[in-house]
Structure formats: structure tokens, C-alpha cells
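Everything on this sheet refers to the single structure shown next.
The sequence lines fix the lettering, A, B, ..., with proteins before strands; numbering per chain opens at 1.
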Amino acid sequence: MFRYPLDGNEILRKKRQLRRLLLEKDNLLPKRIALLSGSTIGEISGILELFLLDSGIKPLFHIGAFNRYYEDLVFSNPTLTEFAPEIIYIHISIHNIEEFPSPGDSPEVRAEIRAGEWDKLSRLLVAAQQYNCPVIINNFELPSIRIMGNRDAYDVNGRVRFITELNLMLADYAAGHDYIYINDINYLSGWFGLEQWADPGYYNAYKYAVAPEAIPLLCLSISSIIKALFGGNKKALMLDLDNTLWNGVIGDDGVEGILIGAETPKGMAHAEIQKYAKELRRVGILLGVISKNDEALAKEGFTHPSSILTEADFSVFLANWDEKRINLQQAADSLNIGTDSFVFVDDNPVERERILESELSVEVASFKSIERLPQTLSMSGYFEVVSLSDDDLKRAEMYSENRMRENAIKEFSDYSEYLKSLEMKAYLSGFSTERRERITQLINKTNQFNNTTRRYTAEEISVVAGDERYIKIAARLTDRFGDNGLVCVLIAELKDHKAIIDLFIMSCRVFGRDLEYILFDELIRQVTAKGVDTIEGIYIPTKKNTVIEKLFCQLGFTEVESLPESIRYEFSLNDSQARETDTIEVIYE
Amino acid sequence: MNRAEILDRVQNIFRDIFDDNDILITDETNATDIEDWESLEQINILVAIQKEFSIKFSIDDVEGLENVGQTIDLIEAKLS
């Protein structure tokens, strides 16, 4: 219901029933979201709520007064301050532009008009920063009316050109400020059809800048950004082979018989799918093969001269005759991520149906026809990129290195000998500016090794980084197979001779490498210097973080309080000794 | 399509929009009869009707609609 392709009318019509059913979901994450209005926003809040609930987020909205987005942000606003938004969404549109250049305007007049409009936008964005939370702002849809026809696109006083310029200025601003996220309604309205999106009837009568039928698409887009900010993105694309990555059946047709590439329409559709998957890999999405096939034959498919993907592009390759749900579970185990991080793609509706009916929470891509697959995935918001760190760009390689590590482990009978053979080095540091983006990202998407599942925005991390009352440690781990990147973060709050571990997280990529001991040793070293006598550990259990159950006891803590929603542990520095870990060399950065 | 059929389909729209399968509407039903029927929902009702009957209303058409009966008159006029 909430996946592309959307049935917007059905969502609008069944809004109440959908809301009622969605509110029955467990483990909804409450979030305070301020919606600021440049035009009517009532229906948008209702539909956005549905999309957020579907993504596991329960919004508590603050809805700004009609068309007061500028005043709400730029002037003192105690209500909004008290609300303490965790997300701000600014719903502006072309209707909020006060002045356009006119044909024949002098360069001075034109420059003044543009500066005036930009001044308003930049004041808004600067003022929004005081709320220390991500700010999502629409860019502008194109004008419905062109004074000079096609010339509007290139005349220096053209409206189409003016909008394009403002959108570029917004884009540059967002690219330089990591708290700003653009909701690209310029793209969305084009995709939906500007004629329907900007239906003047709805604007004139009800001040709807977005026609009701387009509101679900708008909300899918906003919710994709919000979901991604809170760690809800999918991490891996699991692909079938025959008639998905190529046309034909490799077992019957052989590598000469399958179609990929520009020579045939069918081959072209599959080449486009391969290209898209290859690009997704570049932004850190892992690829996997889940195919009912003979493994050797399956691999031969990628030797096709027009194949864009190669066997090495896949972080997991499962071609056998087992049920696909078994292979998906195995892929999840081998990548050490949950099946709920998977998007599964198969041309065969029967296979798709079986996964939907299985106990796995895999997202199953549904598409009208195979050539529509890339568009459908692209519009679904599964892989909304809200930040792009070096780690993302290298992730697929890191997982390939993991395959080598798994082979190495077989050479050792003693696990600690294996760990020593890895020649690991931990690079410890605080939360310096260049690391913060990755730290925030790791915090917001780590669900397994995470003692509290507390989320932090980039702004909150900056605050913590500069606050003496917090001990913060970040660790990068390398070994002889490569660099695992920044994979472990610890934040502890100092309070009356106590250090309380607010957050202790580790990427699943490096479980079982003793890195938690290194971080804990470092915590002890730092708090001892601050006169702390007790370290307190908190464990807030969720469905996903059971790996934390034993963590504190293994580190030498004693359980002191056990409530249903949290368990508290203590470690006394007076009568305990941290274990010295000799499998990893520590380097300070 | 006769008037009774139109009324029946409009009633289904009301039931969906207000998530209440017990809603019964007549020509006289108006916004005071259904608790949540405010301006936002009026827009949604009109959007759903246009979709349901594949018709398009103008602002003139829908201005001053006072009850279900007038709405059905309008649908009948658009369909004829």
C-alpha cells in the first residue's frame, strides 16, 4: 500500500482505516516533527503520518499556522522551542515566491529580485539551525505558466530559468550544510505530471499547492528522508538471475543464449537493471544473488560479454536448489545483517509471494513489468541516501574482504590465534569534525550491537563532541585484509563520580574481534583520570539487540537493577581490573 | 446508472472516508450529521467521488453544496 507504485486515491479514501491498522504495530519509534506551512498542510500531515507509521515511526506533529513558515522560524517562537522538534519540514512551493523578474527587466532589477528571494530562503535556513535537528525543505516546482513559452527556460528574465536558479542555490546551500535535506518536489512534480500536481482549482479554492492525488507521492518522499535519517534504509539488494539480471534461462540457453545489452529490447531492459544495481553498489548497497540454479552455470552468466555486473560485485552468491527463504536467511547470516534490511527482486511472482508469506521481514519489490524495475526501486525510497561517507563508498569492498577473512578463519583451530593473525589495529579518537558524519550515520543505523538504541542527529553529535561532561570514543579498525572503517562508538556521561554508558555501538561487520574490550579499556583509562569510581552500563532490550545481553557481564560488570524496559549494570573501578587485550594494537589518532 | 446506484456508491465512499461501515446516507444528510465531516474531509469526499465516477468538478460545481442530495444531482448531471 505504501510502496511505489502508489494508489494515491485509495490511500486518501481509506486514510482512517489505514491509520487505525497501522497504530496496532509494535515498537513504533516516537518522533517530534514540526510541519511548517507555505500552503495548506492539514491533509499532508494526515497522509505523512500513515507513511511514517508504515516505516515504524510514530510522529507527534507540531503544525505551524497557515503560510507562516517564515515567521515561525525567523522570529522568536517559544511554542516551537518548547516542542523541541526532532525534524522540521518546511512545505514551500512556487506560491511562496513573492516576485519574479519580468521580460525586459534590467540586470540590476533582476539581480535585486533574485537576491530578495534568496535572502528570504537563506534567513529561513540559518534560523532553522537553532533547533539542532535535521531540516527538510521543498525546493520549487516549475511554473505552470510560461510568459515567453520555451524562451522562459533560457531568457535571463524567464520564470522557468528563475526557478531553476533558485533550486540550484538551494542545492548548493544543502550540499554545504549537513542539517539541510531537500525534498525534491521539482522532480516529484515532473514525475507525477505538473499539470495534475499544480491543479489550479485546488490552489484557488483550498490553497493546496499540491493536488490531493499527488499528496501520497509527496509524503512517500518526505517519509523516505525521515526514515533514512533514523536508520530505516534497506542495506542490500537480493537478486534473482534468470529473467531478472538477464533474459533467458542460463541452464537451458547457455551463456550464448541469454540476452543482456543493447542489441535487443529485452536485453536492454536487463542491462539497465544491471547498471542500476552496479550504481547502487557504489553508494554502499550490498548486492546478493538468490537463484535456483547450478552454481557454476549461474556464475557463467556474468562472463557474458555485455554483462555489466561481475561475480565480484556480489557480497553473497547463493545459487542452489534450496527454497529462496532459506537462502535469504543464509545471506543475512553471512552478511550479519537482518533480513529486514533486504530488498528482494524476482521476476517470478510465485517466488515473490512465497517470500511475502514467509516469516522473513524481507521487502519484496513489486513491479508492473521488468523494464519498470529500476524506476520502481528508485521511486520506492528503499535506498534514500541522506549522507554519503567514505565508508559507504567502500562498503562493498569491505564485505568482499570479509569473504577472505572467513576463508582465513578455517586455517586456525584456536580463535585467538586467528584474531592475532589478523594483525588488527584500532585507531582511537574523539568526535572530530571530519568523523562526525560517519559517527552519526553509524549511530542511526546500528540496531544489533547497541545498548540503548538511542539516536543522535548530526547536531546533537556536535553538541556532545564539544561537551566536557561526555567521554566519547570512536574507533576505526584495520587488519591485514583491509580497512574496516569507523566501526565502533562509545559515549559516556560523567555525573557525580559516575560514568554512565549512554551509547555503546559496533558495526556488525566486526563482531567477535575483541574491539569492545579495547573501547572499554580506553573508557577506563579516560574516566580514571576524571576521578570516576563507578561505570554504569544500561541495556534497553529490543528485538534486535540481544547481542548486548551478555556484553556487560563479559566486561566485568555486575547487574544491579532489572526492570522490564531496562537493565542496569555497574563496574566498580576500585575493585575491578580491566582486561588487557593483546589481539589488537591501539593507536591514538 | 440510476440515482439509487449512485447513492449506494457515494455511501461506500462515506464509509471508507469516515472508517465507519454503519453510515447510512440520504439526500438530506449534511455536514452536521457526521461528526468528522469538516472542510478537509469535504475535499476528500469530492476527490473520491470524481475518481469513483470518472468525472471532474469545477469550483463552481462544488461551491455551496449543502447536502448529499445536491451532490448526487451534480453527479447525475455530470454523467448525463
Q: Just say parallel, tilted or perpendicular for the rings of B/F18 and B/F14, cut-offs at 30° and 60°.
A: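 Answer is tilted, since the angle falls between 30° and 60°.
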Q.
Does the plane of the ring in A/H95 sit parallel, tilted or perpendicular to the ring in A/Y203? Use 30° and 60° as the thresholds.
A.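 Ring orientation, 0 to 90° scale: parallel.
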Q: Quickly, which of B/D36, B/D16, B/D19 forms a salt bridge (charged side-chain N to carboxylate O under 4.0 Å, His left out) with A/R16? Name it, please.
A: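 Only one of B/D36, B/D16, B/D19 forms a salt bridge (charged side-chain N to carboxylate O under 4.0 Å, His left out) with A/R16, namely B/D36.
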Q | Greater than 12 external heavy atoms within 6.0 Å of A/E195's CD | A |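 Check fails, neighbour count at 12 or below.
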(Q) Tell me whether A/E82 at atom CD has more than 12 heavy atoms from other residues, nucleotides or ligands lying less than 6.0 Å away. (A)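 Atom CD in A/E82 is not packed in, count stays at 12 or less.
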**Q.** Portion of A/E213 that has a non-hydrogen atom of chain B nearer than 4.5 angstrom
**A.**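 Contact with chain B is through the side chain of A/E213 alone.
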Q: Please flag which part of A/R19 lies under 4.5 Å from any non-hydrogen atom of chain B: side chain, backbone, both or neither.
A: neither
Q) Do A/K31's NZ or CZ and the ring of A/F230 fall within the cation-pi criteria of under 6.0 Å and 45°? A)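 The answer is yes, since A/K31 meets both limits relative to A/F230.
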Q) Looking at A/F367, is A/R372 sitting on its ring face, NZ or CZ under 6.0 Å from the six-membered ring centre and within 45 degrees of the normal? A) no
Q) Which members of residues 57-79 of chain B, sorted by number, sit under 4.5 angstrom from chain A on a heavy-atom basis? A)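 So the qualifying residues are B/I59, B/V62.
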Would you mind checking which part of [X] comes under 4.5 Å of any heavy atom in chain A, side chain (CB onward), backbone (N, CA, C, O), both or neither?
{"X": "B/I13", "result": "both"}
{"X": "B/Q50", "result": "side chain"}
{"X": "B/N21", "result": "neither"}
{"X": "B/L46", "result": "side chain"}

(Q) With rounding to the nearest 0.5 angstrom, report the CD1 to CG distance, A/I11 to A/L6. (A) 5.0 Å
Q. If you measure from CG on A/D54 to SG on A/C219, what distance do you get to the nearest 0.5 Å?
A. 12.5 Å
